[in-house]
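Below you'll find the structure I mean.
Chain A is the first sequence line, chain B the second, and so forth, proteins listed ahead of strands; every chain is numbered from 1.
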Amino acid sequence: MSTLKAVRGTRDLLPPETALWNHIEAVARAVFARYNFGEIRTPIFEDTSLFARGVGEETDIVSKEMYTWEDRARAQSEKSQSLTLRPENTAGVVRAYIEHKLGETGQLQKLYYIGPQFRRERPQKGRYRQFFQIGAEVIGPPSAGSESPLRDAEILEMLATLLDELGITGWTLQLNSVGSSADRARYNEALRAALEPIAHTMCADCQRRAVTNPLRVLDCKVPEDQPIIEKLPRIVDLLDPASVEHFAAVTAALDAAGVPYTRNHRLVRGLDYYTRTTFEFTHGGLGAQNALLGGGRYDGLSEAIGGPKAPGIGFAIGLDRLVLTLQAQELNQESAPPQADAYIAPLGEAMNAAALSLARELRRVGLAVELGDGSFRLKKSFEAADKTARCIVILGEDELQSGILTVKDFSTGTQTKVPRADLAAFLAEPSK
RNA sequence: GCGGCUAUAGUUCAGCGGCAGAACGCCUGACUGUGGCUCAGGAUGUCGUGGGUUCGAUCCCCACUAGCCGCCCCA
């Protein structure tokens, strides 16, 4: 019988790596709080039609990457229902916005989420079937200012701040506008027409893309094709005046705030709901998956799934990729394993009960304490203590009788007698 | 879903058609209470899983599974 393993594309996250995950999440929460975002937690599965209508039937995500099953009826009166593990979280957030009539508040809703998403893709580095995203959405009725380009710029400025505060170096913000859905359809046809006579001079992939999905030609990385791609029509030339004005306002605000960005005419994103502003923050060193995060405006999404007019803008950060990037950066640095403040070494099993009592006392005042076992010989206690804690506290007959504990600080090698009443304060002082 | 590479000790990896290896890590080492550095000794294991070829397979062949890389696409 084969041993059970985590299924393909899923994985266990173990210490000490989980400490990094928690750190990233804590920084994100702190940054979001400063921008006055609140947390939303939506279900991990939804009615399949939410994604079909929201993300788009023809997208790769919906057409071939979803985990979908039929949740069978359990009573005569109940109908079976097609359910899907969420492949992204924006649709769920907008569904919740509609369901709870958040638009009726008249206020701009600023919501963030942290959680797992599911797509059945071939796993690679930085790509998993259960992966984690940190995302946020700004959505509301137009009267609340949800259409303002200031919201776009603020989101981008917040993301730049977040990456900076996480210590991510070398990121690039790629920015584009895809206009209205009508603009995008016109552009698609313009590209197709422009490619038809020249596609045969391009790489094999592009020849195929020119027919199946002209927008993807823009992503081609073959050097010989670049001059050809540069001469293709740009979507910016086909945008309606309002979209042009919107985009200009976004870039003007970014310039004023000093957020660096790169105008990328080729940035087209794969989800149907994007309108106007689209963006990616990319980072080298992630291989083919160079996008740390992506997002954009989705002015028609709410209406597409049966809600009121509720323009919005949001993003999703690939948490797994953020972790990979930070781990790669930290390769050059020494990362010390987490250390407890003290290791209590009871001498003999008769001391165990007293040791727990002492540990409780220290832990209650906030010290991190590792508790040894009285069956260990002192030598073994020292070995264990040296690996897990800054100090060892010896608790034997003498110490119990006298109330004076023996403490040795590993960083200095000095051994001290400390009255039990002073122990917590002694341990709390950073050793010099 | 397609193509390429890979799978050996806890970890990183050598290796060979004929007894399974290194480094690091781990365990032990006088003493009724002293770690690190060094020294001595020790254990590592279904050689990914299942078939096949062979007197004999960890090694060669096939399938499967998983990982990595690329494609597709995306976070």
Open item on the list: Does a side-chain N or O of A:Gln117 approach OP1 or OP2 of B:rA75 to a distance below 4.0 Å, or not?
Closed with: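 For B:rA75, neither OP1 nor OP2 has a side-chain N or O of A:Gln117 closer than 4.0 Å.
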Open item on the list: Can you tell me whether the side chain of A:Arg119 and the base of B:rA75 have a donor-acceptor pair closer than 3.5 Å?
Closed with: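 Side chain to base: pair present.
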Task: Whole angstrom value for the distance that separates C1' of B:rG67 from CD of A:Gln124 - done: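 Taking atom C1' of B:rG67 as the reference, CD of A:Gln124 is at 11 Å.
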Open item on the list: If I pick the P atom on B:rU11 and the same atom on B:rU49, what distance separates them, to the nearest angstrom?
Closed with: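 Pairwise P distance, B:rU49 against B:rU11, rounds to 15 Å.
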- [ ] State whether A:Arg8 places a side-chain N or O below 4.0 Å from either non-bridging phosphate oxygen (OP1 or OP2) of B:rA66.
- [x]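 The answer is yes; a side-chain N or O of A:Arg8 sits under 4.0 Å from OP1 or OP2.
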TODO: Tell me what A:Ile394 touches on the nucleic acid: a base, only sugar-phosphate, or nothing, going by heavy atoms under 4.0 Å.
DONE: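 A:Ile394: base contact, heavy atoms under 4.0 Å.
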TODO: Please check if any side-chain donor atom of A:Glu57 sits under 3.5 Å from a side-chain acceptor atom of A:Ser63, or the reverse.
DONE: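 Per modelled atom types, A:Glu57 and A:Ser63 side chains form no pair under 3.5 Å.
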TODO: Map every base of RNA chain B to its dot-bracket character, where paired means a Watson-Crick or G-U wobble contact with both distances under 3.5 Å and | marks a partner outside the strand.
DONE: (((((((..((((....[..)))).((((.........)))).....(((((..]....))))))))))))....
Open item on the list: Counting only heavy atoms not in A:Glu196 (residues, nucleotides, ligands), do more than 12 fall under 6.0 Å from its CD?
Closed with: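 No, because the 6.0 Å sphere around CD of A:Glu196 holds 12 heavy atoms or fewer from other groups.
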Task: Atom-pair distance (CG on A:Leu405; P on B:rG33), nearest Å - done: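 After rounding, the gap between these two atoms is 18 Å.
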TODO: Return the 5'-most residue of the pair A:Glu383, A:Ile317 with respect to RNA chain B, ranking by each residue's nearest nucleotide.
DONE: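 Closest to the 5' end, via its nearest nucleotide, is A:Glu383.
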- [ ] Could you check whether A:Ser381 gets within reach of a base, just the sugar-phosphate, or nothing at all, counting any heavy atom under 4.0 Å?
- [x]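 Result for A:Ser381 = nothing.
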- [ ] Check if the side chain of A:Arg122 and the base of B:rC71 share a donor-acceptor pair of N or O atoms closer than 3.5 Å.
- [x]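 Absent.
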- [ ] Report which part of the nucleic acid A:Glu280 touches: base, sugar-phosphate, or nothing (heavy-atom distance under 4.0 Å, all strands).
- [x]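 No contact at all - A:Glu280 keeps every heavy atom at 4.0 Å or more from the nucleic acid.
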TODO: Rounded to whole angstrom, note down the P distance from B:rG18 over to B:rC37.
DONE: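 Here B:rG18 and B:rC37 have their P atoms 40 Å from each other.
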- [ ] Could you give the distance separating B:rC16 and B:rG29 at their P atoms, to the nearest angstrom?
- [x]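 Straight-line distance between the two P atoms is 39 Å.
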TODO: Assign A:Phe315 to base, sugar-phosphate, or nothing according to its heavy-atom contacts below 4.0 angstrom with the strands shown.
DONE: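 Here A:Phe315 touches no strand at all.
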Open item on the list: As an exercise, state the distance from CD1 of A:Ile114 to CD1 of A:Ile40, rounded to the nearest 0.5 Å.
Closed with: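 Answer for the CD1-CD1 pair, A:Ile114 versus A:Ile40, is 13.0 Å.
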Open item on the list: Rounded to whole Å, please give me the gap between CD in A:Glu88 and C1' in B:rC73.
Closed with: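 Those two atoms, CD and C1', are 15 Å apart.
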Open item on the list: Need one value for A:Arg120: base, sugar-phosphate or nothing, where a base atom within 4.0 Å counts as base even if backbone is also close, heavy atoms only.
Closed with: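 The answer is sugar-phosphate, as A:Arg120 gets under 4.0 Å only of primed atoms, P, OP1 or OP2.
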Open item on the list: Under 4.0 Å, heavy atoms only, any strand: does A:Lys408 hit a base, just the sugar-phosphate, or nothing?
Closed with: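 If one applies the 4.0 Å heavy-atom cut-off, A:Lys408 turns out to touch a base.
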- [ ] Using a 4.0 Å heavy-atom cut-off across all strands, classify A:Ala385 as base, sugar-phosphate, or nothing.
- [x]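 No contact.
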TODO: Rounded to whole angstrom, note down the C1' distance from B:rU58 over to B:rA9.
DONE: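 Taking atom C1' in both B:rU58 and B:rA9, they lie 14 Å apart.
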- [ ] Kindly assign one of parallel, tilted or perpendicular to the pair A:Phe45 and A:Trp69, based on the angle between their ring planes and the thresholds 30° and 60°.
- [x]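 Judged by the thresholds at 30° and 60°, the geometry between A:Phe45 and A:Trp69 is perpendicular.
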Task: Base B:rG35 to side chain A:Gln415, donor-acceptor N/O within 3.5 Å cut-off - done: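 Answer is no: no donor-acceptor pair is held.
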Open item on the list: Determine whether the aromatic ring centres of residues A:Phe37 and A:Tyr112 are separated by less than 6.0 angstrom.
Closed with: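 Ring centroids of A:Tyr112 and A:Phe37 are no less than 6.0 Å from each other.
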Open item on the list: Does A:Lys379 qualify as a cation-pi partner of A:Phe382, given the criterion of NZ or CZ under 6.0 Å from the six-membered ring centre and within 45 degrees of its axis?
Closed with: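 No; the conditions do not both hold, so A:Lys379 does not lie above the ring face of A:Phe382.
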Open item on the list: With a cut-off of less than 4.0 Å, is there a side-chain N or O of A:Arg377 near OP1 or OP2 of B:rG29?
Closed with: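 Result: yes.
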TODO: Quote, to the nearest angstrom, the P distance that separates B:rG4 from B:rA43.
DONE: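 Result for the P pair: 43 Å, nearest Å.
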Open item on the list: If you assign each of A:Leu378 and A:Gly295 to its closest nucleotide in RNA chain B, which residue comes earlier from the 5' end?
Closed with: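 The residue closer to the strand's 5' end, by nearest nucleotide, is A:Leu378.
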Task: Closest contact, heavy atoms only, A:Val93 versus A:Leu111 - done: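 Taking every non-hydrogen atom into account, CG1-CD1, 4.0 Å.
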Task: Between B:rG70 and B:rU54 - C1' atom distance, rounded Å - done: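 Result for the C1' pair: 37 Å, nearest Å.
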TODO: Would you mind reading off the distance between A:Asp60 atom CG and B:rC71 atom C1', rounded to a whole angstrom?
DONE: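 Between C1' of B:rC71 and CG of A:Asp60: 12 Å.
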TODO: Please answer whether B:rA75 and A:Phe131 are stacked, defined here as ring centres separated by less than 5.5 Å and planes angled under 30°.
DONE: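 It does: the ring sits over the base of B:rA75.
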TODO: Select base, sugar-phosphate, or nothing to describe what A:Tyr343 touches, counting heavy atoms under 4.0 Å on all strands.
DONE: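 If one applies the 4.0 Å heavy-atom cut-off, A:Tyr343 turns out to touch nothing in the nucleic acid.
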TODO: Specify the separation, in whole Å, of atom NZ of A:Lys64 and atom P of B:rC2.
DONE: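 Answer to the nearest Å: 12 Å.
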Open item on the list: Any base atoms under 4.0 Å from A:Glu121, or only sugar-phosphate, or nothing? Heavy atoms, all strands.
Closed with: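 Answer is base: heavy atoms of A:Glu121 come under 4.0 Å of a base.
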- [ ] Look at A:Glu46 together with A:Arg95 and state whether they make a salt bridge at an N to O cut-off of under 4.0 Å.
- [x]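 Result for this pair is yes, salt bridge flagged.
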Task: Syn-anti status, with the boundary at 90° from 0, for the nucleotide B:rC19 - done: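 For B:rC19, whose glycosidic angle is within 90° of 0, the conformation is syn.
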Open item on the list: Does a side-chain N or O of A:Lys387 approach OP1 or OP2 of B:rC26 to a distance below 4.0 Å, or not?
Closed with: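 For B:rC26, OP1/OP2 do have a side-chain N/O of A:Lys387 under 4.0 Å.
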Task: Between B:rC68 (C1') and A:Arg11 (CZ): distance, integer Å - done: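 So the two atoms are 14 Å apart, to the nearest Å.
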Open item on the list: Students often get this wrong, so: under 4.0 angstrom with heavy atoms, is A:Leu347 touching a base, only sugar-phosphate, or nothing?
Closed with: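 Contact class for A:Leu347: base.
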Task: B:rG17 to B:rC61 separation - P atoms, rounded to the nearest Å - done: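 Pairwise P distance, B:rG17 against B:rC61, rounds to 13 Å.
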Open item on the list: Expressed as a whole number of angstroms, how long is the span from A:Ile61:CD1 to B:rC73:P?
Closed with: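 Taking CD1 of A:Ile61 and P of B:rC73, I get 12 Å after rounding.
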Open item on the list: Closest approach to the side chain of A:Glu399, judged atom by atom: which nucleotide of B:rG33, B:rC71, B:rU65 is it?
Closed with: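 Closest nucleotide among those given: B:rG33.
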- [ ] Scan A:Gly126 against the nucleic acid and name what it touches under 4.0 Å (heavy atoms): base, sugar-phosphate only, or nothing.
- [x]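 Base contact.
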Open item on the list: Suppose you measure atom P in B:rG56 against the same atom in B:rC19; what distance do you get, rounded to whole Å?
Closed with: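 That atom pair is separated by 16 Å.
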Open item on the list: Using a 6.0 Å cut-off, check whether atom CZ of A:Arg29 has over 12 heavy atoms from anything other than its own residue.
Closed with: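 Atom CZ in A:Arg29 is packed in, count exceeds 12.
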Open item on the list: Distance check needed: B:rA30 C1' versus A:Lys379 NZ, whole Å only.
Closed with: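 The answer, rounded to whole Å, is 11 Å.
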Task: Nucleotide nearest A:Thr406 (side chain, heavy atoms from C-beta), chosen from B:rC68, B:rU34, B:rG36 - done: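 For A:Thr406, the side-chain atoms sit closest to B:rU34.
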TODO: Classify the angle between the aromatic ring planes of A:Phe132 and A:Trp21 as parallel (below 30°), tilted (30 to 60°) or perpendicular (above 60°).
DONE: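 The rings of A:Phe132 and A:Trp21 stand perpendicular, inter-plane angle above 60°.
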TODO: Evaluate whether atom CZ of A:Arg360 has more than 12 neighbouring non-hydrogen atoms of other residues, nucleotides or ligands under 6.0 angstrom away.
DONE: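 No, the 6.0 Å shell around CZ holds no more than 12 heavy atoms from other groups.
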